[in-house]
Structure formats: structure tokens, C-alpha cells
Amino acid sequence: MATIFSRIVAGEIPSHKVAEDDEFFAFLDINPVALGHTLVIPKKEVDYIFDMDDPMLGRMVAFAKRVARAQEAAIVCKRVGLAVMGLEVPHAHIHLIPITKESDMYFGGKKLTVSQEGLAEVAAKIRKEFK
């Protein structure tokens, strides 16, 4: 059975896509810890990020770097933080979170409430900067 992330890549479930290539897909988290919180996933289903072969993992990190640069250009922040947890969805993913302080990466607190229109606007800004 396909993961929710694979269903997003297939277009079965809507998302706020920010970037895509042949192997990877990046979209906004619908329960963000910070504005512009983005998930980067491989299109190929792999449950655990460290089960990916080294070349693919390297390409995924390079793709995530391009997304992070687009986030930095589109959203006011000091840096883009990176987190890998992968417990909620059995599909490898990287969290890219625009931050101004380390506590902006806290996953245990209250999530932001952002309207669909707000998410669409942020996604468009990041897409515009993606190179």
C-alpha cells in the first residue's frame, strides 16, 4: 500500500509543492512548526532514510540544499534548520524549517495554523526562488 507521501507525489492527495525533479519532491508541511516548513522526500518509497543507498541519499541532500536556498530567499530567517525523524509516515523525509532561533525547531509545541491560501502563497514564493 502506498504511503501518504507517495499518494501526494502521484497527485491523489493535494499538496503545496515547492520543488520537484525526477527523484525527489518537496512540499509544505500542513502542520508547520514555522512558516515555510517543508518536507523533502524521495519519490521512491523508502521507509528509513538511512536505508537509502549512499548515492541516492547524497542526491537527496543536494536537492534539499537547493530547496533550503529557495526558502532563505523567500522567507525572512537566519538559517534553514534540518531535521530527520521519520516516525509518523513510513517514508523517508527531511524537514527543512526556516528559523531565527534554535527553539523554532521545537516539534513538541503548538503548531502554526496557516490557511490553505497562506500555504499556497508561501509555496509560490519558494517555488519562484527554486533553482
Side-chain angles (χ1 to χ4, degrees):
M1 180 167 181
T3 68
I4 190 169
F5 289 170
S6 289
R7 295 178 64 208
I8 287 170
V9 170
E12 296 171 17
I13 297 174
S15 71
H16 294 282
K17 178 173 74 171
V18 300
E20 178 179 18
D21 70 9
D22 291 343
E23 286 187 290
F24 307 105
F25 192 89
F27 58 100
L28 293 183
D29 191 308
I30 59 170
N31 294 304
V33 298
L35 191 64
H37 180 169
T38 299
L39 300 175
V40 174
I41 64 169
K43 289 182 175 179
K44 176 184 175 187
E45 280 189 27
V46 177
D47 179 4
Y48 182 44
I49 196 165
F50 296 122
D51 285 341
M52 295 171 72
D53 65 46
D54 291 351
M56 185 178 188
L57 180 58
R59 291 189 305 272
M60 184 172 171
V61 171
F63 179 83
K65 178 181 176 180
R66 292 172 53 211
V67 174
R69 293 293 188 217
Q71 289 172 292
E72 290 171 339
I75 297 165
V76 176
C77 63
K78 287 188 178 178
R79 295 198 173 174
V80 172
L82 180 147
V84 175
M85 293 180 295
L87 296 175
E88 289 184 3
V89 178
H91 192 133
H93 55 286
I94 294 172
H95 294 261
L96 296 177
I97 303 168
I99 60 173
T100 56
K101 57 191 180 310
E102 288 182 1
S103 60
D104 291 341
M105 296 265 313
Y106 181 60
F107 283 82
K110 188 175 188 305
K111 305 291 195 272
L112 294 182
T113 301
V114 184
S115 69
Q116 290 299 312
E117 296 78 18
L119 289 171
E121 188 176 304
V122 170
K125 287 179 182 179
I126 298 170
R127 266 195 313 275
K128 182 180 174 199
E129 299 294 338
F130 183 76
K131 295 173 179 32

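Numbering starts at 1 and runs along the sequence shown.
- For Phe107, the CZ atom counts as densely surrounded, since its 6.0 Å shell holds more than 12 non-hydrogen atoms of other residues, nucleotides or ligands.
- Taking all atoms of both residues into account, the shortest heavy-atom contact from Pro42 to Ala92 is CD-O, 3.2 Å.
- In this structure, the separation between NZ on Lys43 and CD1 on Ile41 is 9.0 Å, given to the nearest 0.5 Å.
- Every residue two or more places apart in sequence or in another chain was checked for a salt bridge (charged side-chain N to carboxylate O under 4.0 Å, His left out) with Glu45, and none qualifies.
- For the residue pair Asp29 and Leu119, the shortest heavy atom distance occurs at O-CD2, 4.2 Å.
- Tracing side-chain contacts under 4.5 Å through hydrophobic residues (I, L, V, M, F, W, Y), one never reaches Ile8 starting from Val40; they form parts of separate clusters.
- Few gaps surround CZ on Arg59; more than 12 heavy atoms of other groups in view lie less than 6.0 Å from it.
- Around the NZ atom of Lys111, the shell of radius 6.0 Å holds more than 12 heavy atoms that belong to other residues, nucleotides or ligands.
- Listed here is the closest heavy atom pair of Ala34 and Ile97: CB-CG2, 3.6 Å.
- Summarising the geometry of Met105 relative to Ile99, their closest heavy-atom pair is CG-CG2, 3.7 Å, with the distance given to 0.1 Å.
- Using modelled atom types, no side-chain atom of Lys101 and backbone atom of Lys78 make a donor-acceptor pair closer than 3.5 Å.
- Inter-residue side-chain proximity for His16 and Gln116 is flagged as met; some heavy-atom pair is nearer than 4.5 Å.
- Both Phe63 and Leu57 sit in one connected hydrophobic cluster of ILVMFWY residues. Membership requires side-chain heavy atoms under 4.5 Å apart, directly or through other members.
- Below 30°, between 30° and 60°, or above 60°: for His37 and His95 the angle between ring planes is between 30° and 60°, a tilted geometry.
- Using a 4.5 Å heavy-atom threshold, the side chains of Phe25 and Phe5 count as separate.
- More than 12 heavy atoms of other residues, nucleotides or ligands sit less than 6.0 Å from atom CD of Glu12.
- By the neighbour-count criterion of 12 heavy atoms within 6.0 Å, atom CD1 of Ile4 is sparsely surrounded, having that number or fewer from other residues, nucleotides or ligands.
- Across all their heavy atoms, Ala26 and Thr38 have their closest contact at CB-CG2, 4.0 Å.
- Within 6.0 Å of atom CD1 in Ile30, 12 or fewer heavy atoms from other residues, nucleotides or ligands are found, so the atom counts as exposed in its surroundings.
- Residue Asp51 qualifies as enclosed at atom CG: its count of foreign heavy atoms under 6.0 Å is above 12.
- Placement of Phe130 and Val9 in two distinct hydrophobic clusters is found when ILVMFWY residues are connected by side-chain heavy-atom separations under 4.5 Å, directly or transitively.
- The CG atom of Asp22 lies 14.5 Å from the NZ atom of Lys44; values are rounded to the nearest 0.5 Å.
- A 4.5 Å side-chain heavy-atom check between Ser6 and His91 finds at least one atom pair inside the cut-off.
- Both Ile94 and Leu35 are assigned to one and the same hydrophobic cluster, defined by single-linkage of ILVMFWY side chains at heavy-atom distances under 4.5 Å.
- Using a 30° and 60° split on the angle between ring planes, Tyr48 and Phe50 fall in the perpendicular class, above 60°.
- A pairwise comparison of heavy atoms in Phe24 and Met56 identifies CZ-O, 3.7 Å as the closest pair.
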Begin with the C-alpha distance, continue with both residues' side-chain angles, and end with the deciding distance and a verdict on side chain to side chain contact (heavy atoms under 4.5 Å, CB included) for Leu28 and Val122. CA-CA 9 Å; Leu28 293 183; Val122 170; 4.1 Å; yes

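- Cluster annotation: Ile126 and Val80 are assigned to the same hydrophobic cluster (Ile/Leu/Val/Met/Phe/Trp/Tyr, side-chain heavy-atom contacts under 4.5 Å, transitive).
- Going from atom CG of Leu96 over to atom CG of Leu82 covers 5.5 Å, rounded to the nearest 0.5 Å.
- The main-chain N or O of Met85 is never found under 3.5 Å from a side-chain atom of His93 such that the two would form a donor-acceptor pair.
- From Lys125, atom NZ reaches atom CD of Glu121 across 5.0 Å, with rounding to the nearest 0.5 Å.
- With sequence neighbours excluded, no residue forms a salt bridge (charged side-chain N to carboxylate O under 4.0 Å, His left out) with Arg127.
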